[in-house]
J.: 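Structure below; questions to follow.
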Amino acid sequence: MKKNKFHIMIVMALTFLAISCSEDFLDETPYSSYAPETLTDEAGIEAALKGLHYNFGRIWTWSDQQGWAGVWQDGTDVCSPGGVQGVEIPFFKYEDLNSENAAVSYMWSMCYLIINNANNAMVAIGEDGDPAKMAEARFFRGYCYNILATLYGDVPLLTEPTSSARTDLERTPVSQVNAQIVADLKYAAENLPDITGTVSESRANKHMAMQSLGEVYLRLDQPADAETVLTSIINSGLFSIVEERYGVAIDVNGDYFSDMFKFGNQRRSEGNTEAIWTFELEYNKGGISGGFTNAPQQRRNWVPAYHNIPGMTYVYDGVDESFVHPYGGRGNGRIRPSNWVKYELYEDGDIRNSENNITRTFYYNAPGYSATWGIDANGFRVAADSPDAVMVKDVMVGDTALIAASDTLEVAYPYTRKWDSFDPTDQWGWTNIKDFPIMRFGETYLLRAEARLKNGNAAGAADDINVLRDRAFKAAREESGNSELGKVSSSDIDLDFILDERARELFAEENRRMTLMRTGTLVERAALNTESTIKGTISGISEIHLLLPIPLSEIQRNKDVLWEQNPGYN
């Protein structure tokens with residue numbers, strides 16, 4: 001090892017001496033750029049459009065801060081921290097949230113990177129260029145500005161490329177930003193191909209733009225416009241609610257809801273009739289992004305560290321793959337469903353709470369395992385000779401795993417199966433390999449229900465909610481013979497009920513924090529999560545947290561203009 005390091009040092013020294021003999025290395029030679037002057041042909045424009053998808057993926061595959069996924073779930077009604085990494089801590093200990101938080105800065109910078117690249121592409125395409133290509137660029141610009149407006153309020157509105165550093169940008173009133181978002185998404189909805197007409201299924205389609213536009217209209221309190229555009233998706237005939245089993249896992253344990261989240265089942269071409277926007281990861285091949293940077297941490301966040309239970313493993317020994325790691329690969333348990341989700345949210349018979357979708361019971365799966373454990377008065381595992389043991393039990397592979405009280409924080413708790421995955425070439429489990437379900441048809445009904453409620457049509461909202469509940473309670477109805485099981489009526493419907501139903505349907509899919517910020521309900525909904533653990537309790541939350549702080553780096557960079565920080569932040 002020392003010899004190798006010595007050789008590396010020699011090579012580095014010689015390289016430095018070689019380049020120091022000439023000043024040519026000071027000349028800037030851009031090897032790649034999305035600046036308009038470099039996009040001189042169709043191939044360049046196509047590369048720029050694909051680059052928008054690639055950079056969008058960089059938002060959600062960031063692993064430099066492994067708690068990034070927890071930022072958008074912890075400290076809300078649906079999740080509490082398990083093992084904490086760092087960046088997510090101020091998002092449940094709200095008193096510590098400030099303008100220097102890395103998550104606050106990262107989302108801002110990535111959105112503006114995509115916006116600037118979209119502006120570059122639009123200039124290259126030109127007003128007389130292909131409307132579909134222009135629409136793809138405008139979709140991403142509108143989509144990212146919607147993120148910024150939702151999270152930060154007033155932000156600089158840039159509709160032309162920026163090719164050099166600026167120190168004079170001004171925050172544009174959010175009303176003007178919103179107008180540009182609507183204009184971009186309307187153009188995209190009118191000019192993008194439908195989902196059957198894209199050059200590949202992962203490319204932007206008009207239904208992605210329409211769903212985004214419907215959500216924006218709801219944020220702007222324009223429910224009639226939202227209902228119109230969402231109804232167009234529902235009436236298109238191109239999507240349907242999954243109510244029957246399909247795909248690669250049809251012959252193994254599962255159900256028609258869990259099938260949508262199986263590796264190899266997530267895409268439209270794989271049978272998922274609800275897929276509106278499935279962001280494809282390179283591992284699955286066929287995606288347009290050319291891969292992704294870093295290593296997405298969704299599985300490691302959402303799946304508990306069950307392998308730390310003696311007698312359980314995530315490693316495949318080559319004998320019985322289906323039994324050895326049925327629990328989703330190696331997790332770290334950084335995002336834990338709140339007690340409200342685990343014990344109060346779901347009704348009996350709701351398939352979205354089945355063991356296939358939220359695992360609550362663990363079984364010993366390490367080959368050859370057997371042991372003798374004690375069980376204390378609360379039913380938790382202790383040493384067989386512990387004075388707390390009220391009984392002793394022999395266990396082996398296939399038996400229900402005994403859990404220690406300390407395990408319930410990070411190691412063994414009810415958890416969603418939407419993000420689990422196992423890569424035999426990466427058994428240690430550094431990265432997630434699943435596609436990302438960004439938009440699906442089930443959410444279209446939830447958004448329209450919200451629009452109908454705001455339009456004074458609670459009965460219509462109940463009809464939309466019942467589309468999802470009919471699917472959720474289908475198996476239980478057939479078994480019980482009760483055709484009304486799970487149905488709701490107009491008297492049941494208010495915004496809280498719709499947000500509950502979003503949690504039931506979209507748990508671990510939607511960006512819960514953004515949903516609650518969009519609807520202005522973050523503070524009161526977070527009050528549902530009263531869980532207190534050694535990792536922390538939600539604290540310090542107030543109405544100021546309906547916006548994030550403006551990154552300090554942006555305030556300092558724009559030194560020629562006075563930027564006011566969002567209220568309540570230093």
Side-chain angles (χ1 to χ4, degrees), residues 34 36 39-56 111 114-149 157-161 176-220 222 225-239 268 275-280 287-289 438-441 443-444 447:
Y34 291 146
L39 306 180
T40 56
D41 56 22
E42 288 299 310
I45 291 172
E46 182 70 3
L49 295 175
K50 289 182 178 180
L52 298 176
H53 291 263
Y54 172 76
N55 282 319
F56 176 81
C111 283
I114 295 169
I115 287 166
N116 197 50
N117 285 350
N119 285 336
N120 283 324
M122 289 165 62
V123 170
I125 294 165
E127 293 183 5
D128 298 327
D130 185 343
K133 294 184 185 300
M134 181 68 76
E136 191 159 20
R138 291 190 69 171
F139 167 74
F140 277 101
R141 185 173 70 180
Y143 190 91
C144 286
Y145 263 124
N146 183 45
I147 292 175
L148 291 169
L157 179 60
L158 305 175
T159 57
E160 298 293 335
Q176 295 179 37
V177 178
N178 287 334
Q180 187 62 57
I181 294 168
V182 170
D184 281 344
L185 294 179
K186 285 181 70 175
Y187 184 93
E190 291 165 0
N191 291 281
L192 282 169
D194 72 32
I195 197 166
T196 64
T198 57
V199 293
S200 68
E201 67 178 294
S202 58
R203 292 292 286 269
N205 64 72
K206 69 169 52 196
H207 304 99
M208 291 160 51
M210 293 163 71
Q211 185 123 318
S212 298
L213 183 58
E215 186 176 299
V216 170
Y217 280 141
L218 287 170
R219 180 170 62 81
L220 302 184
Q222 298 175 222
D225 293 322
E227 182 173 354
T228 297
V229 70
L230 295 165
T231 298
S232 295
I233 301 174
I234 291 169
N235 291 345
S236 70
L238 295 172
F239 307 95
R268 183 178 177 88
I276 294 176
W277 185 6
T278 301
F279 184 79
E280 300 177 349
I288 58 92
S289 64
I438 306 296
M439 292 181 196
R440 65 178 174 88
F441 192 46
E443 186 181 9
T444 314
L447 290 169

J.: Is the closest side-chain heavy-atom distance between Glu201 and Ile195 below 4.5 Å?
T.: no
J.: Looking at Glu280 and Arg203, does any basic side-chain N land under 4.0 Å from a carboxylate oxygen?
T.: no
J.: Does any non-hydrogen side-chain atom of Lys133 lie less than 4.5 Å from one of Ile45?
T.: yes
J.: Cationic tip of Arg138 within the cone over Tyr143's six-membered ring, i.e. under 6.0 Å and within 45° of the normal?
T.: no
J.: What's the verdict on side chain to side chain contact (heavy atoms under 4.5 Å, CB included) for Thr159 and Arg141, showing C-alpha distance, side-chain angles and the deciding distance?
T.: CA-CA 9 Å; Thr159 57; Arg141 185 173 70 180; 3.7 Å; yes
J.: Give, for atom OH of Tyr187 and atom CD of Glu136, the distance between the pair rounded to the nearest 0.5 Å.
T.: 12.0 Å
J.: Report yes if some heavy atom in the side chain of Glu215 is under 4.5 Å from a heavy atom in the side chain of Asn146; otherwise report no.
T.: yes
J.: Working to the nearest 0.5 angstrom, can you tell me the gap between Leu185 CG and Tyr217 OH?
T.: 8.5 Å
J.: Is the centre of the His207 ring less than 6.0 Å from the centre of the Phe239 ring?
T.: yes
J.: Could you check whether any side-chain heavy atom of Met210 comes within less than 4.5 Å of a side-chain heavy atom of Ser232, counting everything from C-beta outward?
T.: yes
J.: Do Thr444 and Gln211 make a side-chain contact, defined as non-hydrogen atoms from C-beta onward lying under 4.5 Å apart?
T.: yes
J.: Quick one: OG on Ser236 to CD1 on Ile276, what's the gap to the nearest 0.5 Å?
T.: 8.0 Å
J.: Considering non-hydrogen atoms only, spot the tightest contact between Leu192 and Ala209 and give its length.
T.: CD1-CB, 4.3 Å
J.: Testing Leu447, Asp225, Asn235 for side-chain contact (heavy atoms from CB on, under 4.5 Å) with Leu230, which one passes?
T.: Leu447
J.: Asp184 and Phe139: side chain to side chain contact (heavy atoms under 4.5 Å, CB included), yes or no, with the steps?
T.: CA-CA 6 Å; Asp184 281 344; Phe139 167 74; over 6 Å; no
J.: Identify the two heavy atoms, one from Arg268 and one from Thr196, that lie closest to each other, and give their separation to 0.1 Å.
T.: NH2-CG2, 3.9 Å
J.: Inspect the contact between Lys206 and Asp194 and indicate whether a charged nitrogen and a carboxylate oxygen are less than 4.0 angstrom apart.
T.: no
J.: Rounded at 0.5 Å granularity, tell me how far CD in Glu46 sits from CG in Asp130.
T.: 9.5 Å
J.: Kindly say whether Leu158 contributes a backbone atom to a donor-acceptor pair with the side chain of Tyr145 at under 3.5 angstrom?
T.: yes
J.: Within a radius of less than 6.0 Å around NZ of Lys186, do more than 12 heavy atoms belonging to other residues, nucleotides or ligands occur?
T.: no
J.: Heavy-atom distance under 4.5 Å between the side chains of Leu148 and Ile115, does that happen here?
T.: yes
J.: Taking the side chain as everything from C-beta on, heavy atoms only, tell me whether Ile438 gets closer than 4.5 Å to Thr278.
T.: no
J.: List the atom of Ala121, the atom of Ala137, and the distance in Å for their closest heavy-atom pair.
T.: CB-CB, 4.4 Å
J.: Give me the atom names and distance for the closest heavy-atom approach of Glu227 to Thr231.
T.: O-OG1, 2.7 Å
J.: Are Leu52 and Asn117 close enough, and set up right, to give a side chain to side chain contact (heavy atoms under 4.5 Å, CB included), and what steps lead you there?
T.: CA-CA 7 Å; Leu52 298 176; Asn117 285 350; 3.8 Å; yes
J.: Check Pro193 against Thr198 and note the closest heavy-atom contact, atom names and distance.
T.: CG-CG2, 3.8 Å
J.: Near Asp128 CG, under 6.0 Å, is it more than 12 heavy atoms from other residues, nucleotides or ligands?
T.: no
J.: Side chain to side chain contact (heavy atoms under 4.5 Å, CB included), that's the test. Do Ile181 and Arg219 meet it? Break it down for me.
T.: CA-CA 12 Å; Ile181 294 168; Arg219 180 170 62 81; 3.7 Å; yes
J.: Is the closest side-chain heavy-atom distance between Asn119 and Glu160 below 4.5 Å?
T.: no
J.: Give me the atom names and distance for the closest heavy-atom approach of Trp277 to Ser202.
T.: NE1-O, 4.5 Å
